[in-house]
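Every chain is numbered from 1, with letters handed out A, B, ... down the list of sequences. Computed from a predicted model, the values in this text were never measured in an experiment. Hydrogens, waters and symmetry mates play no part in the numbers below; they use all other heavy atoms, side chains included.
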There are 2 protein chains.
Amino acid sequence: MLTKAEYTKQHILETVAPIFNKNGYAATSLSDVTKATGLTKGAIYGNFKNKEELAVAAFKHTVKKLMSHISSYIEKSESPIQKLYLIADFYKNYYSLSKTYGGCPVLNIGVDANNQNSELLEKVRVVIERIQDQVATIIEDGIEAGEISIEINAMQYAKRIDSMIQGAIFMTYTMDDEFYMKDTMKQIEDMITNELKA
Amino acid sequence: MLTKAEYTKQHILETVAPIFNKNGYAATSLSDVTKATGLTKGAIYGNFKNKEELAVAAFKHTVKKLMSHISSYIEKSESPIQKLYLIADFYKNYYSLSKTYGGCPVLNIGVDANNQNSELLEKVRVVIERIQDQVATIIEDGIEAGEISIEINAMQYAKRIDSMIQGAIFMTYTMDDEFYMKDTMKQIEDMITNELKA
DNA sequence: AAAAAAATATACCAATTGGTATATTTTTTT
DNA sequence: AAAAAAATATACCAATTGGTATATTTTTTT
């Protein structure tokens with residue numbers, strides 16, 4: 001069971017994470033934080049060293065949530081190539097899912113932190129690398145299993161897919177139009193079928 | 001010739017545009033503006049109604065510059081399909097080019113303005129639509145000229161290419177790695193050759 | 001139930017925020 | 001060169017910023 005203190009910390013993160021994600025670091029003020037949580041500065045600064053640490057924790061919190069969504073989704077199949085199709089399928093609903101958390105943290109904080117907050121930027125980079133490693137591993141598993149052509153450069157394709165997905169997320173959010181998300185996922189499915197498949 | 005007043009306005013925009021582009025709207029303060037331009041608030045507010053109008057003008061200024069770069073670049077060929085290859089080629093150097101202006105204004109301001117500044121967001125949307133219309137027109141011209149397959153949906157491909165480019169820009173900036181930009185342009189060139197070409 | 005420890009609220013701080021009214025300087029028109 | 005107009009600088013404003021020291025309240029341990 002959560003102690004009262006642990007509950008408070010969770011409550012702060014859950015409340016504050018979407019705000020930082022939507023507004024960015026500079027545009028989120030401490031009074032936004034206290035207003036949203038219903039707590040005072042004393043409570044916030046008792047739990048987090050400063051605004052930056054809170055923003056980092058909030059980013060990690062949202063990433064964790066979203067990563068667990070996709071992780072459990074691709075568990076639906078054991079087959080590496082099927083897992084790739086499941087990733088494409090997962091992102092078809094990513095707009096409404098990520099909206100719950102105030103948007104895509106990688107895109108939002110990645111752009112926001114660049115030139116502004118090197119600590120946050122570093123956290124974003126680590127997440128991107130982790131995601132790409134996971135996709136690359138799936139592709140490598142697929143090659144080993146004979147499902148995916150041996151000529152495929154796993155890391156290159158992982159980066160390509162990731163880049164396409166981020167582009168689709170940006171376009172979908174900026175234009176408020178799911179066309180980009182859906183169309184890009186179709187494109188990725190075609191890529192899997194026509195380029196990756198052994 | 002520019003009058004002194006017009007020169008000042010240009011000077012403000014040229015100095016301030018990269019700052020808004022890098023930092024975003026909220027993270028750019030009026031004192032950043034006065035410090036960088038060497039002018040006082042009186043001069044700034046004499047030329048722009050408020051911070052928002054200045055940010056909008058700065059965004060338009062950067063977009064105009066970048067658009068004129070790409071426009072003159074694709075004039076190198078008359079052929080629609082060659083123009084598409086030239087677009088892909090242009091973006092191979094987009095990282096260093098756009099850095100001069102403080103980054104890609106569409107990406108940076110698009111993400112920054114979302115949930116924050118609806119007027120700025122609207123300007124970004126207009127720019128995106130204009131870019132896509134231009135690409136779609138080139139594709140349609142290519143179809144008419146018999147260079148591009150009649151089965152191609154011009155607008156769909158324009159959006160696809162745009163989305164891939166934005167993804168590559170995001171990844172390149174966030175990871176500070178040109179691989180994404182270069183690889184995506186190769187991918188787009190392959191798309192032109194294998195999917196679009198009649 | 002009392003004592004100790006931990007968490008939270010309160011009251012404060014200097015610095016900065018975007019913006020304005022007015023004085024001064026510079027530029028343009030006559 | 002003088003007068004008018006325009007541009008810019010100065011001096012100010014209330015509100016807000018992130019943060020801290022300390023008082024108070026709540027929770028946990030004994």
Side-chain angles (χ1 to χ4, degrees), chain A residues 1-17 19-59 61 109 112-113 115-121, chain B residues 1-59 61 109 112-113 115-121 123:
Chain A
M1 202 196 77
L2 287 176
T3 66
K4 195 85 197 277
E6 288 166 332
Y7 171 82
T8 299
K9 196 160 188 170
Q10 278 309 111
H11 165 65
I12 293 171
L13 284 181
E14 221 140 297
T15 311
V16 148
I19 299 174
F20 272 109
N21 200 7
K22 271 187 277 188
N23 299 351
Y25 181 73
T28 303
S29 69
L30 258 298
S31 76
D32 289 333
V33 170
T34 54
K35 213 179 295 170
T37 55
L39 294 164
T40 60
K41 282 195 196 177
I44 305 298
Y45 279 92
N47 282 285
F48 300 93
K49 200 179 114 215
N50 51 30
K51 191 184 162 184
E52 188 178 40
E53 207 190 67
L54 177 57
V56 168
F59 170 72
H61 181 263
I109 308 300
D112 184 65
N115 302 298
Q116 285 281 112
N117 189 314
S118 57
E119 198 182 323
L120 261 176
L121 178 61
Chain B
M1 202 194 77
L2 285 176
T3 68
K4 196 87 199 276
E6 288 165 334
Y7 171 82
T8 300
K9 196 159 188 172
Q10 277 310 110
H11 166 65
I12 293 171
L13 284 181
E14 221 140 296
T15 312
V16 148
I19 300 174
F20 272 109
N21 200 6
K22 272 187 276 188
N23 299 351
Y25 182 74
T28 303
S29 69
L30 257 298
S31 76
D32 291 333
V33 170
T34 53
K35 213 179 295 168
T37 55
L39 294 165
T40 59
K41 281 194 198 178
I44 304 299
Y45 279 93
N47 282 285
F48 300 94
K49 203 180 111 210
N50 53 30
K51 190 184 164 186
E52 188 178 40
E53 206 190 67
L54 177 57
V56 168
F59 170 72
H61 182 262
I109 309 300
D112 185 64
N115 301 298
Q116 284 280 113
N117 190 314
S118 56
E119 198 182 321
L120 261 175
L121 178 62
K123 305 295 173 199

Gap between atoms CD1 and C1', on I12(A) and dT8(C) respectively (whole Å): 10 Å

With 3.5 Å as the limit, what N/O pairs link the protein to nucleotides 25-27 of chain C?
{"unit_1": "dT27(C)", "atom_1": "OP1", "unit_2": "K4(B)", "atom_2": "NZ", "d": "2.7"}

Watson-Crick or G-U pairs under 3.5 Å in DNA chain C, rendered as dot-bracket with [ ] for crossing pairs and | for another strand: ||||||||||||||||||||||||||||||

Test item: L39(B) and H11(B) side chains (from C-beta on) under 4.5 Å apart, heavy atoms: yes

Residues in contact with DNA chain C, drawn from residues 16-28 of chain B - heavy-atom cutoff 4.0 Å: T28(B)

Close side-chain approach of Y45(A) and L30(A), heavy atoms under 4.5 Å: yes

Residues in side-chain contact (heavy atoms from CB on, under 4.5 Å) contact with N115(A), at least two apart in sequence or another chain: K22(B)

Residues from residues 37-54 of chain B lying under 4.0 Å of DNA chain C - heavy atoms: K41(B), Y45(B), N50(B), K51(B)

Distance in angstrom units between H11(A) NE2 and dA7(C) C1', rounded: 14 Å

Phosphate-side-chain proximity, S29(B) and dT17(C), N/O vs OP1/OP2 below 4.0 Å: yes

Phosphate OP1/OP2 of dA7(D): any T8(B) side-chain N/O under 4.0 Å: no

Nucleotide dT20(D), atom C1' - distance to CG of L30(A) in whole Å: 12 Å

Under 4.0 angstrom between S31(B) side-chain N/O and dG18(C) OP1 or OP2: no

Closest heavy-atom pair and its distance - T15(A), A36(A): CG2-O, 3.5 Å

Under 3.5 Å, side-chain donor or acceptor atoms of residues 48-57 of chain A against the rest of the protein: list the pairs with distances, not counting sequence neighbours.
{"unit_1": "N50(A)", "atom_1": "OD1", "unit_2": "E52(A)", "atom_2": "N", "d": "3.3"}
{"unit_1": "N50(A)", "atom_1": "OD1", "unit_2": "E53(A)", "atom_2": "N", "d": "2.9"}
{"unit_1": "K51(A)", "atom_1": "NZ", "unit_2": "Y25(A)", "atom_2": "O", "d": "3.0"}
{"unit_1": "K51(A)", "atom_1": "NZ", "unit_2": "T28(A)", "atom_2": "O", "d": "2.9"}
{"unit_1": "E52(A)", "atom_1": "OE2", "unit_2": "N117(A)", "atom_2": "ND2", "d": "3.3"}
{"unit_1": "E53(A)", "atom_1": "OE1", "unit_2": "K49(A)", "atom_2": "N", "d": "3.0"}

Side chain to side chain, I19(A) and V33(A), heavy atoms closer than 4.5 Å: no

All side-chain contact (heavy atoms from CB on, under 4.5 Å) counterparts of S31(A), not counting sequence neighbours: S29(A), T34(A)

